[in-house]
Each structure stands twice: as C-alpha cells, then as structure tokens.
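Written out below as structure tokens is the structure these notes cover.
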Amino acid sequence: MPDATTMPAVALSGIRKSYGPLEVLHGVSLAAREGEVISILGSSGSGKSTLLRCINMLEVPNGGSVAFHGETISLDQTPGRAPRPRDSAQINRLRSKAAMVFQSFNLWSHLTILENLIEAPVHVQKRSRKDCLAEAEALLERVGIADKRHCYPTHLSGGQQQRAAIARALAMQPRVMLFDEPTSALDPELVGEVLKVMRDLAAEGRTMLIVTHEMAFARDVSTRTVFLHKGRIEEEGPPSEVFSNPRSERFRQFVSREHLQG
Amino acid sequence: MNTLGLMSFGPDGWGYSMLAATGTTVAVAACGFFVGALLGCLGAAASLSRLRVLRLVADFYTTVLRGIPDLLVIYLFYFGSSSVISTASALFGAEGFVGAPAFLTGALAIGVVSGAYQMQVFRGAVLALSKGEIEAGRAYGMPSLLLFRRIVLPQAARFAIPGIGNVWQLVLKESALISVIGLVELMRQAQIGSGSTRQPFSFYLTAGALYLLITLVSGLVFRFAEKQAMRGIRRGV
Amino acid sequence: MPFDLPFLAESFVALLRGIPLTLQLTVLSVVAGGILAFGLAFMRISRRWWLDAPARFYILVFRGTPLLVQIYIIYYGLSQFPVLRNSVLWPFLREAYWCAMLALAFNTAAYSAEIIRGGLLSVPAGHVEAARACGMSGFLLFRRIVMPLALRQMLPGYSNEIILMVKSTALASTITLLEITGIAAKLISESYRPVEIFVCAGAIYLAINFLVARLFAWLEYAVSPETRKPEERRA
C-alpha cells in the first residue's frame, strides 16, 4: 500500500450522479492534494454543490469512486437500484475527518454555540470533553465570537453564525474542509468577515474545497480553480492562468457576467 | 349541610373519598396518556414511512379515532373485552356477563383515542425539524442512533410539548367518561356521593373544581417545560 | 367473529333513527353557543378589565372541566335547589333534552369565543385604519371590513370545533337521551355484540363529520375569492 501522505487528500474519479432520468454529473474526476485550496465555480444547476456533497456521501454517486488519503469508500452501485454505501461505519469515520460548512449554517438550534462545537468531537470522535471545551474556546476566540459562546445560534447574525459553523468544522480537527457556498446566504456587508476567516485557513495550509460565487476570493485565495458546466469540468487550472487566459468560451462569459453582477 | 361541610375530612365528610377518587382520575388519565404516547409514536413513524400501506393504516387510525365520540370507543372496549372474558369464563363453567376491569379497559380506550391526537402532534413535530441541521449531523459523522438521540429527539420534543400539553388536558377531561363503565374515579365518586346525600350540585361542583385544579396545575407544568425546551428558539410572535 | 350481515343492517337502521337528535343537539347548541361566544369574545377584546375578567373566568372554567361534569351539574345538580324547582324554568330544566342542549351550548361558547377572538385579533391594524380613513366606523366598519377578514381566519378552527361538538353530543346519552350513541349503548347491552354496533355507529359519525368538514372547506373557498385564479372567480 502506498504511503498515505503521498496520496491525494481527496480523489474523485468518474463521479456520476443522477436523479431519476436526469443525470447532473457526467463523470467528474478531481483530486485535491494535501494543502490545496480548490474553488469550484459554476452557474446554478451546474452540479457544483452536488459534486461537493458526493465527497462526504450526503449524495451517493451512481458511478465512480471517492477516496480519502488512498482509502476508497466502499459503495454498492448496482445498476437499477439506489446507490448506497456498503459500510456506514466507514462513512462516519471519514466524514468526521472531512468537515463541511453549509450555505445555511445548519448550526444545531437546540444547542449553544459552545455545545455546537463540542457535540461531534465528544460524541462521534469520543474525545475528552475537557479537551474539546478548551479547544472550542480557543477556536471561537480565533473566529472572533468568543463572547457568544453561551448564546443559541438564532441570537447571532448570519456572519457570526457562519463563523461559528466554521469553528464547529475546525473543532473536528479535519484533514479536509468542504465549503458549500458559505457566503451565499449572507447579507453583502457580512460576507467579508467570513471570507477573512477562510483566507486565514487557506494561509495556514489547510486542504479546502470551496463551492463559491465569490470570484475575487477564488482568484486570490485558491491554488486551483475548477469551472463546472452542466455536470462536466469545463475549465481547470491555477487561477492566475484560467482567469487571465481562459480556454473555454463559457468560462469567459461566466467570469464577465459574474463581474458585472458583483 | 353546606358544600364545605359535606367535603370535610371528618368521619361524616366525603373529602377523603373525593381526594382518593381524584388520585384515581390522575392515575387512569396518566396510563391512558402513556398508552397514547406509544401509539402516537408508532402512528407518526408509520405515517412518515416510505411504505404506502403503513401510511394508509396510520391515516385510517387517526381519521377514524378523531371522528367518532370517545364514549363510543369506551363502550366498545368495555363491552368488547367483557364479552371476550365472559366467553372465556363460560369455558370454565361460569355463567352470564363478566365485566372487564374498568381501570384497564378505560385506560386502554382513552389511550387509543389520545394516540390518534398524539400522532398528529408527533408528526407535526417531526415535519418541523430542520433538514439542514439533521444533514449537518450526518455530515459530521453521526451514526443514525446518535443522530436521533442528540439532534432529532431534543428538537422534536420541544416542538411537540405544546401540542402534547393540550392532549394531556384532553385526556384528563376524557377520563371522566370512564365513570360510565363503573370505575370509581372523580366523576363516579361524585355520583355515589350525590346519590347517598341527595346533594348532587355540591358533589358535581366539587368534582368540577378538582378537575379545574388538576388542569390548571398541569397547565403550569407544561408551560414551564415549554419554556425550558424553547431555549434558543427565536419566536415569531 | 364473522360479521352477521342481517344483524348489521338491522342495527344500522336502528342507529339511523338517532341522527335527527344528534343533529338537533349539535345545531341548536352551536347556534346558541355561537351567539354567547360572540359576546364573550367582545368582552375579551374590550380592553376593560371588568368585562375581560368575567369572560376569562368563564372560558377557564368551561375549558378546564369535563363536559360530563357540566352536563351533570345542570341535569342532576340544579334539582338540589327548591327555588329552581318551583320556578318557571323548571319544565325546561327537568328535561334531559334542554339540559344537554344548554350544557353543550355553554361548553362550545367557551371554545368558540377563543376562536372568534383569534380571528378578530388577526385583522391587520392597517386594514382597520384604512377603513377609518375612508370614514367608516362602528358597525359598518365591523360588518364590511373586520368581520369578512376575521371569518377567513376563524373558519378552520371553527370547523374543528363543530366536529368536536358532533362528537360531544354523544354525552347526552349519559342523561337518558337516545341519540346515536344512546341507541348504540342500548343495542350493545341488549345484544352483547359491541363490534358490529360500534362499526355502524362509528360509520354514521364519520359520515356526519366528513360532511361538516366538506361544508366548511366549501365555505372557506366561498369567502376567500382572492385566493382563486381570476378566471375561476368570474365563473
């Protein structure tokens, strides 16, 4: 078996996903090396969120495979039946290493911010409550909402909730972080504070896959940009190349349209 | 004799027996309520299941039981189980009608009725759950049982508490109907008292006041529980 | 146990004779209780404590005690007072029919008052202000603006209340009235065949309640033209 450190952190190969007769992903392959920050762009309906959700099996792909650090997720993809994981324990183990940040935050509303942060570390990863609490306090300090730790999620602004959700993801000590349009549900004036936290995470060398509409962020922060169109990768490369010299006409149009809107 | 004298705890007073009967009322209501909670959970699970048959059965149960009088259901349970018992005891040589135990059949009957209402409450609570928060639980590696215990249950419980409180009040009042099959709860005790003293107004008024007392106290308990459970919820109104 | 069809049909016909009494009790008590409920609802929203407090107390008492207690107090309890027994009201209060009707009306008034109050409170302040700005006030304002808007909010709750009332009339059987449940109890105690009779009686109640629900669904549709598409409205 090859050394895990030389393997890509996440490797998707030939991912196909369909809903009934409608196929939304037509065989997408993508690998993220350790420390890479990949931004996934695309207009709505391009399948970019579905692709991200296939990584942690919130959507189970009908075809293709997903591997974390060389460990392939075992899937039952018998044609004609709904695809499903063979081993839910494996899924849960891998999920706890690939923390996701959602568009609509999805903080657990019956728990305080601090309780949100330690919930999965204590109950899924079985770490000591004391250690988790100390770490959670530090994380909240870091994202700038330490004063809110005993508040319930609904008492926070959208930007604060999303920062809390990022802290919750970090509390899992994840090896990969998945961001599903983390700023799309925020008021424009709150977007900056969330992007700043994400910029810092990228700077410290975390492996991140980010579905986003923030072109400037994708251009400045990511190490690689992927443009998805109708369930296929249309353009891929370092942002310095793809933004200044796109090969695909669609991506060129997409960039200019998004710029006009932004 | 005035009402207060009549209800005194002395040797001639009915206070003691009325109080004991109140205890029976609460006990039979509580038993019925828990039977109903069990049926309500099963019904809600069935009505939310992927199997069409189960959904139909649950639908039928709640529609029928909420559409017919509780008294009719109590008669069915009482006479139904009595005829089964009578048939069985006839095999052992006993003759004639043997009454079923009133507490048991009464509690079962109001349990079956209140289950139909509790099913609606639980169903509503599950439907009110945030899909995103459950998905977050899955995304953070929670196995189904942990997800249910830590996320689904606490959230569903707080949505269900107000509705469940209403059902409890309903069950409490429904339990008065069990007097018709002879269980000596509050209502039946008041009947007995008014029969032997010829002061029906005093007895039924006292019974009414005791019912009111129980509903008020349990109302307070449920309001407190709701307040506890609703922490962290921003209210629309 | 196999179902005995002739017996089933016989019981069904016998139970059908209970329908008029069940419906009478329902309709009369709903109408009388409805009038009382309007009074109570207005007392509740009057902003005068000496009107609000008695209405609150009334609603608390009638919603906090079993209907059976209310029926027994009126039917059995009132006879305790010689004053009443000698009064002009006695011919009525002696009759199980009127006692059941009265208790049902008092009971539904308490529940309906809260439904009506909820409906009235749901009328947006802006609509009332707009009507006042047009020079409407008093009864005209109530009849043309407040009531039509409140009605839409009240109907679903009120439909539930009437279904509950249909079911509640069954309690009249405990004071000797032979409405559907009364006849059912009599048949069961004569035949010891509870299941068949339960099925017949239950079916009749379900049918009545189904019709009530349909009627209210239609009413709701009739009073909310704004929720329909324009072409439907013309037709």
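Letters A, B, ... are given to chains in the order of the sequence lines, protein chains preceding strands, and every chain is numbered from 1. The figures here come from the full heavy-atom set of this structure, side chains too, leaving out hydrogens, waters and symmetry mates.
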- [ ] Name the option with the most non-hydrogen atom pairs under 4.5 Å to chain C; the candidates are B/T215, B/L177, B/L76.
- [x]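 Top option by heavy-atom pairs under 4.5 Å: B/L76.
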
Task: Heavy-atom pair count under 4.5 Å with chain C, highest-scoring of B/Y211, B/F201, B/F203 - done: B/F201

Please find the pair of heavy atoms, one from [X] and one from [Y], that lie closest to each other, and give the distance.
{"X": "B/M187", "Y": "C/V69", "answer": "SD-CG2, 3.3 Å"}
{"X": "C/T181", "Y": "B/P69", "answer": "OG1-CG, 4.1 Å"}
{"X": "B/R198", "Y": "C/Q80", "answer": "O-CG, 4.4 Å"}
{"X": "C/S173", "Y": "B/Y75", "answer": "OG-OH, 4.3 Å"}
{"X": "C/R63", "Y": "B/K173", "answer": "O-NZ, 2.7 Å"}

Open item on the list: Within the 3.5 Å criterion, strictly below it, is a donor on C/Y76 or B/Q191 matched to an acceptor on the partner's side chain?
Closed with: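 Side-chain D/A pair, C/Y76 to B/Q191: absent.
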
Open item on the list: Rounded to the nearest 0.5 Å, what separates atom CG in C/L68 from atom CG in B/D70?
Closed with: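 The CG atom of C/L68 sits 11.5 Å away from the CG atom of B/D70.
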
Open item on the list: With rounding to the nearest 0.5 angstrom, report the OG1 to CG distance, C/T65 to B/L213.
Closed with: 12.5 Å

Open item on the list: Are there over 12 heavy-atom neighbours, none belonging to C/R85, within less than 6.0 Å of that residue's CZ?
Closed with: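 Yes, the 6.0 Å shell around CZ holds more than 12 heavy atoms from other groups.
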
Task: Over 12 non-hydrogen atoms of neighbours within 6.0 angstrom of CZ in C/R214 - done: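 Check fails, neighbour count at 12 or below.
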
Open item on the list: Quick check on C/A201 against chain B: is it the side chain, the backbone, both or neither that has a heavy atom closer than 4.5 Å?
Closed with: both

Open item on the list: Quick check on C/F81 against chain B: is it the side chain, the backbone, both or neither that has a heavy atom closer than 4.5 Å?
Closed with: side chain

I'd like to verify something: which residue of [options] has the highest number of heavy-atom pairs under 4.5 Å with chain B?
{"options": "C/V166, C/L67, C/L171", "value": "C/L171"}
{"options": "C/L78, C/I197, C/N209, C/I73", "value": "C/I73"}
{"options": "C/L60, C/T174, C/T169", "value": "C/L60"}

Open item on the list: Less than 4.5 Å to any heavy atom of chain C: does that hold for the side chain of B/S175, its backbone, both, or neither?
Closed with: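 Neither part.
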
Task: Within residues 88-102 of chain C, residues adjacent to chain B where the heavy-atom gap is under 4.5 Å - done: none

Task: Check: B/P200 and C/Y72 side chains under 4.5 Å, non-hydrogen atoms - done: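 C/Y72 vs B/P200: side chains apart.
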
